[in-house]
Amino acid sequence: MLNIASWNVNSLKVRLPQVLDWFESSDTDVLALQETKVTDENFPAEAFLEKGYHIAYIGQKTYNGVAVISKHPIEDVVDALPDFVDEQKRFLAVTIKGIRVVNVYVPNGAAVDTDKYVYKLAWLDALNQFLQTELQKHSKLLVLGDFNIAPEDRDVHDPKAWEGSVLVSAPERKALSDLLALGLTDSFRLFEQEEESYSWWDYRQANFRRNRGLRIDLILISEALNALCQASTINVEPRKNERPSDHTPVKISLHCD
DNA sequence: ATGGTGGTCTTACCA
């Protein structure tokens with residue numbers, strides 16, 4: 001079994017002990033991180049290398065930043081969306097055991113009718129363009145990360161309150177369904193899941209305790225991986241940690257020979 | 001009750 005996970009850690013500096021603990025205890029082979037918020041010079045590489053892990057990362061000061069931690073060698077690293085000028089470090093594609101792993105931190109979008117929302121939709125369009133060609137080159141491909149989009153109303157704790165707002169708006173959901181139309185599947189919905197399953201809870205208003213969350217951390221898989229996918233889960237435990245990230249890890253198990 | 005939390009080379013901004 002090959003276990004692949006995604007976790008928006010909201011500062012790798014703060015969350016490093018939690019990441020190391022969870023990576024080991026959860027039997028994860030490949031972990032995609034978002035919001036590392038660390039420059040490449042300050043990335044805590046040694047903490048992973050001394051354990052024999054393989055790493056790839058691209059970051060910046062204060063904001064954004066993505067990384068991949070792997071128990072298997074990493075090949076063919078691409079650290080930016082091609083043909084898209086972007087100062088923000090949100091994209092990292094790697095190949096591990098013949099599987100193309102595309103780690104994304106999709107822009108949040110702030111609110112509809114803002115420049116950040118326009119940037120979010122443009123970014124998603126550039127991702128779509130990239131995946132069109134990438135899927136022709138890699139039959140085994142997955143796109144995982146913080147999509148900052150809840151695919152459906154059942155992924156939202158209070159759809160009425162959220163209606164039309166950023167993270168659920170129709171243009172964002174259209175951009176997500178355009179990704180799925182390339183031949184990708186939201187792995188979480190391949191399996192029976194508990195109702196009110198979420199991956200992110202705002203720090204404010206005791207939202208986690210009240211399970212007022214959204215499912216915005218996704219693992220999209222190509223058709224060739226569909227047949228190999230044995231499970232897709234949300235691992236809620238790390239959200240209960242002291243000083244938790246506001247996101248919790250999501251994970252798939254792939255059958256491999 | 002129009003707030004609230006948490007992260008960052010902070011005291012403003014992002015989420």
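Chain letters run A, B, ... following the sequence lines, proteins first and then strands; every chain starts at 1. Keep in mind the model is a prediction, meaning the values are calculated, not measured.
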Return no unless some side-chain N or O of A:T62 is found under 4.0 Å from OP1 or OP2 of B:dG7. no
Runs of at least three consecutive Watson-Crick or G-U pairs, both distances under 3.5 Å, are what I'm after; which ones involve DNA chain B? B:5-8 with B:12-15
Nucleotide of B:dC14, B:dT8, B:dA15 approaching A:V14 most closely (side-chain heavy atoms): B:dT8
When the distance from CG of A:D115 to P of B:dA15 is rounded to whole Å, what number comes out? 13 Å
What is the separation between atom NZ on A:K13 and atom P on B:dG6, rounded to the nearest whole Å? 18 Å
If the C1' atom of B:dT8 is compared with that of B:dG3, how far apart are they to the nearest Å? 23 Å
Say you pick atom C1' in B:dT10 and the same atom in B:dT5; how far apart are they, in whole Å? 15 Å
Is A:T36 close to A:N64 at the side-chain level, that is, under 4.5 Å between some pair of heavy atoms? no
A:N211-A:W201 side chain donor-acceptor pair, cut-off 3.5 Å: yes
Could you tell me whether A:R215 sits above the aromatic face of A:Y198, with NZ or CZ closer than 6.0 angstrom to the six-membered ring centre and within 45 degrees of the axis? no
To the nearest Å, give me how far apart CZ (A:R90) and P (B:dA15) are. 7 Å
Nucleotide nearest A:Q205 when distance is taken to its side chain, options B:dG4, B:dC9, B:dG7: B:dG4
Between A:L127 and A:L81, is there a side-chain heavy-atom distance shorter than 4.5 Å? yes
In whole angstrom, give me the gap between the P atoms of B:dC9 and B:dG4. 24 Å
If I pick the P atom on B:dG6 and the same atom on B:dA1, what distance separates them, to the nearest angstrom? 25 Å
If you pin A:P107 and A:D202 to their nearest nucleotides in DNA chain B, which one's is more 5'? A:D202
Expressed in angstrom and rounded to an integer, what is the separation of A:L12 atom CG from B:dT8 atom P? 10 Å
Between B:dT5, B:dT8, B:dC13, which nucleotide has the shortest distance from any of its atoms to the side chain of A:Y203? B:dT5
Has A:R15 got a side-chain N or O lying under 4.0 Å from the OP1 or OP2 atom of B:dG7? yes
Nearest-Å distance for atom pair NE2/P, residues A:H247 and B:dG6: 15 Å
Rounded to the nearest 0.5 Å, the OG1 atom of A:T185 sits from the CG atom of A:N226 at a distance of 4.0 Å
Rounded interatomic separation in angstrom, taking CG from A:N8 and P from B:dG6: 16 Å
Using side-chain heavy atoms (C-beta onward) and a distance below 4.5 Å, is A:V104 in contact with A:Q34? no
Minimum side-chain heavy-atom gap A:V30-A:K71 below 4.5 Å: no
Between P of B:dC14 and CD of A:E87, the distance in whole Å: 14 Å
Give the rounded distance in Å between these two atoms: CD of A:Q60 and P of B:dA15. 11 Å
Closest to the 5' end of DNA chain B, once A:R204 and A:N108 are matched to their nearest nucleotides, is A:R204
Among B:dG7, B:dG4, B:dA15, which is the nearest nucleotide to the side chain of A:Y63? B:dG7
Classify A:Y105 by what it touches in the nucleic acid, base, sugar-phosphate, or nothing, heavy-atom distance under 4.0 Å. sugar-phosphate
Check whether the ring centres of A:Y53 and A:F23 lie less than 6.0 Å apart, and answer yes or no. yes
